[in-house]
Amino acid sequence: MPSLWGVNMSEKILHIKSLKKYYPVLGGVFRRKIAEVKAVDNVSLVIRRGECFGVVGESGCGKTTLAKTTIRILEPTEGHIYFNVDEEIISKIEKLEQNLMSERDKKNKSTIEAELRKLYHQYDVAKFKGSKLHRLRREMQIVYQDPTTSLNPRMLVKDIVGEPLLIHRVVEKKKIPEKVLEILKKVGLGEQHLYRYPHEFSGGQRQRIAIARALVLQPKFVVLDEPTSSVDVSVRAQLLELFQTLQKDMNLTYMFITHDLNVVECISNRVAVMYLGKIVELAETGKIFSEPLHPYTRALTESAPIPDPTRKKMRAPLKGEVPSPINPPAGCRFHPRCPLAIDICRSKEPILMDVGNNHFVACHLMTKSTK
Amino acid sequence: MEIENIVDVENLVLRFYTYEGIVEALDGVNLHIKPNEILGVVGETGCGKSVTSLAILGIVMPPGRIENGKIIINVNGKQIDILKLHEEAIRKIRGKDISMVFQEPRAYLNPVYTVFDQISEVLIEHRKQEFINRALQTLKNQPKKSTITNFYISIYEKWSKNPNSLLIRFLSKIPMLRRFQNPFKKELRKEVVQLLKSLGMADPERVADSYPHELSGGMAQRVVIAMALACNPTLLICDEPTTNLDVTVQAQILELIRALRAKFKSSILYITHDLGVIAELCERVAVMYAGNVVELAPVIELFKNPLHPYTRALLESIPRPGQPFKSIPGIVPSLINPPKGCRFNERCNYAMDICYKIKPKFIKVKEDHFVACHLYGE
Amino acid sequence: MFSLRERIQKWKKAHEASIKELKFILFRIRKSPLSLLGTFIIAFYIIIAILAPILAPPQPSWDIFKNPNPFIIPDAYNSVDPTPPSPQHPFGITVEGYDIYYGCIWGTITAFRVGVMVVALSLIIGLAVGIIAGYYGGLVDEILMRFTDIIICFPGLILAMAFVVALPPALTLDAPTILIPITVVIALITLLQFLKRTSKRRAIIYLAITLVLAVVSALILLGIVPKINVVQTPLTRLDKVLIALILVGWPGYARVIRGEVLRARSEDYVEAAKAIGASDSRIIFKHIVPNTIYPILILASLDIGSIVLTAAALSFLGIGAEPSYADWGQLVQKCEPYMLGVDIVRYWYIWLIPGAFIFIFGLGWNLLGDAIRDVLDPTLRRR
């Protein structure tokens, strides 16, 4: 398991509280909202500084939407995101929210609301606008899955990587080429690559250009959206090694999104498993793979093919397919496919709870047994 | 008695003539597939695995040209060299004796036709006679025969004697008289629903009437597999069919392929870059690099005892938790001016002088274990 | 600091990638004979246009001091009947004594002027409307596109004719004429700011500017503040034709670029540019336009040929250039009295020669447009 290079693990860099991202489905003659796609449905999590936080799930589970909403490429429908905010302020906000819930007097309510609004305006990333949002871009960046489409095919490499510097004006124009070269060297490319177009490179090299572009502003938090999914196996190891080196050198925190369990097992410290917009399990990587508690996590770990022919699995694969997020099943969203579903799973939605040692599960079976 | 191989690829050389130069895509590929086995082909992007399968099917498009080599298929007891056949003859084989499943299922299904239309297209192309006979039999077996039924029987008898008769074709274009095809279509539908059911679909009738965009990725891939297996092929080529699918759906499809192989008794050529899938599914494995097959061995033997340095490096580069990442240094060489000698020489830890001069031959080192490397030469 | 040779080497290295692209483009052009033909035709016309003063010099005996404009074909031959080609007048003389050779040579310049100017200006307007509609979407898109649709609904040629007749003889740009469009544009931008929900301050500033301008325009319209004539230029008939064709031609481009922008807007690299904090104008000019402009350029090059054809048609109908102007369509118009009847064969040189010029010009641009499309089409390239 990758170590954390002496960084204070308890320092929290990102708090996501009750994040929701719903897409309206318009229909009918007047294009009114007839349904909602609940891409991310009430997700809360905390990411610690310097860690690599893995998010796994299959297509349609909302992991990419979660990542993009966190760094404000998409607008959250509801919820709060606190980035690089002191613990005290967050606990203050929490206390105020609790007071608001319990307060009866209208006048006191409005004062609490006013104070909350002020705090939200100052610290809540979900509410940032204008120049505050612009400055946030320097701290939070993203590397996309497919480097072929995420790089402008008509721009030279030096322009692609230099653009963030130009936009944010962190250095003077003359110094930009030298900074670009610096970051290119860090990702393993060189001066001869400056004046070329992206299509002249291989997949792995293009991904490195995308990484260079994300890191040139020296952000603190980087979302990696399936960065190794569209490259070959041998290049994958190179990129993973690069991610680790860069994390150490530049003090980065990663949110690593993938559907490849093998990769997430090797590079992340903690893993969250998502299904249909909700987190179903969240724990340290070793725990998730050695004792997966949620039936879905178990199905995932068992379905992944192991590159060892002597360990052929004779298990029955999970039945059915991921349902559409427009009409998720009632109760626990996984119950139609769950081999262990009981009555309560069909009616009541399980809450993500700590079942010991910071291992969170959202499953009636698990939480029942601990009760 | 030696079992005849279903497919024997010998020394296949394929070149693409492009503006930037001549791309030596395949440089003497050697493969053989035994009857009723699953052969996996693993390799990175650009190693030529997809192009090999296209060559076996005979659909290499210009500017690609097959320059040399033989592809011998053993079909119905006869041995045919695909490269010497002309288009008409190959068309009879495609879909019937060799069929293919591609990577992105929804891209390979025609979006304006239903699933039933597309599967029956394959059936009509190759098994028309059979269905005409079946329809005829059903009509004859009807206890009460009206005049129309008798009329149909006479048409079908004529049709069965000459499936391509002009009269029938003419009749099938006239709107009102087209109805004589109904018994035929009913037989087709029965077969299609049966096929879809055997692929594990819960509601085959509904799926048969839906359009490709209404299906999910896993279901669409199943439909494509149904199309491929419709005519009981001897060889089924799968080009990364589960790469774009979720892990759980991939597990279902792999299970399905295994079950179908047992039922239909075809051989499967499974192309992928995922070593996990290879370990789970395949019985023998061919490893390709830069247009050559560098190693060919049974799967357990390959994982336990990899001989070629590339295979070794590939197996070591699989990320393992707790261990540092090992990657293969360098990048795949450009195939426009490929390196002389063994194409892996730049990145190989064991490269000797001869590796830069002479291309290693594909030789048998152990029982059923072939390598192309100078380390195991004379 | 650097010697000339070093400088050239540095420039070469910096533009290595573009040079490779250019070489590839030239290779593709060389390969196709039709595109070569198109290129040669256009090159031929360009040479004629440049060498016009040498090929058909305005003679001093032609009262040049009364008509200093070389585009006016001098009426110097005073013969009523058309004369067939002769060594003195290589293409013949028309009815009122206009030299066809002179008209054709100087008509080349007119053709280029008409074609290039109309296409360029309608491109600018069409691109602006289309990109804004495509990029911002929503209400802005609806408004702009419905307006575009209205113009497309009218038959092009007839609308152009209506414009030509309706335009004033002189273009006067006085205060209201400038102010009102500016007010409308700034009002639209204000609407945009409100819709984009950027900082409130900006929106309020724009609103203030709009209000000020509206008030001033109202005052001027009501006559309280006197009109100030800023610019007054006379419009020749040809200028009116140009303006009419521009007004009719821009919606086509707007539609096409809007479609392309809609496609490009959903590409990953545009989202990536937003993620690094690029402003809207930066995304539009640096990311979207370079990737969407190519189909438009192809359309534009094809249009140059057809615009000249349309202008010639308008001239033939009598609403185009003035009767003595050097314009191909105008020359063909001289043949109009003889169109029905045997004379059309007798006076073949009046319609055939300028007609051939028009035809080959249009053909050349069509071939060139095809060539550009073949070369720039990514699916046909060997990449």
Side-chain angles (χ1 to χ4, degrees), chain A residues 67-68 71-75 129-169 177 191-200 209-210 213-217 219 222-223 225, chain C residues 9-22 24 137-139 142 193-194 196-205 260 263-294 297 376 378 381-383:
Chain A
K68 290 192 183 170
I71 64 174
R72 286 294 302 275
I73 292 181
L74 299 170
E75 302 283 326
K129 270 201 277 222
S131 60
K132 266 198 162 163
L133 192 58
H134 191 70
R135 254 177 282 136
L136 184 74
R137 303 276 181 231
R138 265 193 255 170
E139 316 276 323
M140 298 174 112
Q141 273 299 322
I142 180 168
V143 175
Y144 284 90
Q145 172 177 2
D146 189 358
T148 320
T149 55
S150 73
L151 302 174
N152 188 337
R154 297 196 190 275
M155 273 175 91
L156 294 170
V157 169
K158 76 166 175 56
D159 293 321
I160 294 178
V161 180
E163 194 176 8
L165 292 172
L166 208 60
I167 295 174
H168 290 268
R169 283 174 259 184
E191 197 181 334
Q192 70 272 28
H193 298 123
L194 280 177
Y195 290 99
R196 297 224 211 136
Y197 288 104
H199 60 70
E200 301 183 41
I209 301 173
R213 173 180 61 187
L215 297 181
V216 74
L217 288 171
V222 185
V223 168
D225 189 1
Chain C
Q9 268 186 352
K10 266 188 100 177
W11 184 92
K12 258 190 162 174
K13 200 177 80 137
H15 292 87
E16 196 183 321
S18 326
I19 294 178
K20 249 202 293 194
E21 292 248 343
L22 210 66
F24 182 66
L139 190 61
E142 289 285 328
Q193 300 286 348
F194 272 110
K196 266 189 351 179
R197 274 179 260 126
T198 50
S199 52
K200 287 232 169 99
R201 252 190 312 155
R202 251 203 185 168
I204 295 181
I205 293 179
E260 287 289 310
R263 178 196 56 84
R265 200 175 61 160
S266 57
E267 294 266 354
D268 264 351
Y269 55 83
V270 172
E271 200 180 280
K274 281 204 198 134
I276 59 178
S279 63
D280 278 342
S281 60
R282 189 182 178 89
I283 294 179
I284 290 179
F285 287 111
K286 283 231 134 186
H287 291 277
I288 294 190
V289 166
N291 282 296
T292 55
I293 197 90
Y294 285 97
L297 291 181
L376 295 173
R381 312 179 86 175
R382 300 281 171 262
R383 262 272 123 97

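Numbered from 1 within each chain, the chains take letters A, B, ... in sequence-line order.
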Quiz item: Any idea which heavy atoms bring C/G277 and A/I167 closest together, and the distance?
Solution: O-CG2, 3.4 Å

Exercise. Heavy-atom distances under 4.5 Å only: say whether A/I160 touches chain C with side chain, backbone, both or neither.
Key: neither

Self-check item: Distance, nearest 0.5 Å, that separates CD1 of A/I73 from NZ of C/K274
Solution: 9.0 Å

Practice problem: Could you pull out the closest heavy-atom pair between A/R213 and C/A272, with the gap in Å? | Solution: NH2-CB, 3.4 Å

Quiz item: What are the two closest non-hydrogen atoms of A/L166 and C/R282, and how far apart are they?
Solution: CD2-NH2, 3.5 Å

Quiz item: Nearest 0.5 Å, what's the CD1-CG distance between C/I288 and A/N152?
Solution: 10.0 Å

Quiz item: Of the backbone (N, CA, C, O) and the side chain (C-beta and beyond), which part of A/I71 lies under 4.5 Å from a heavy atom of chain C, both, or neither?
Solution: neither

Practice problem: Would you mind checking if C/K286 and A/E163 are paired as a salt bridge, meaning a charged N to carboxylate O distance below 4.0 Å? | Solution: no

Quiz prompt | Minimal non-hydrogen separation, A/S150 against C/D268, with atom names | solution = CA-CB, 3.6 Å

Quiz item: Side chain, backbone, both or neither: which part of A/K68 has a heavy atom under 4.5 Å from chain C?
Solution: side chain

Quiz item: Is a side-chain donor or acceptor of C/H287 paired with a backbone partner of A/M155 at a separation under 3.5 angstrom?
Solution: no

Quiz item: Do A/Y144 and C/E271 touch side chain to side chain, with heavy atoms closer than 4.5 Å?
Solution: yes

Quiz item: Measuring heavy-atom distances to chain C, does A/E200 have an atom under 4.5 Å in its side chain, in its backbone, in both, or in neither?
Solution: side chain

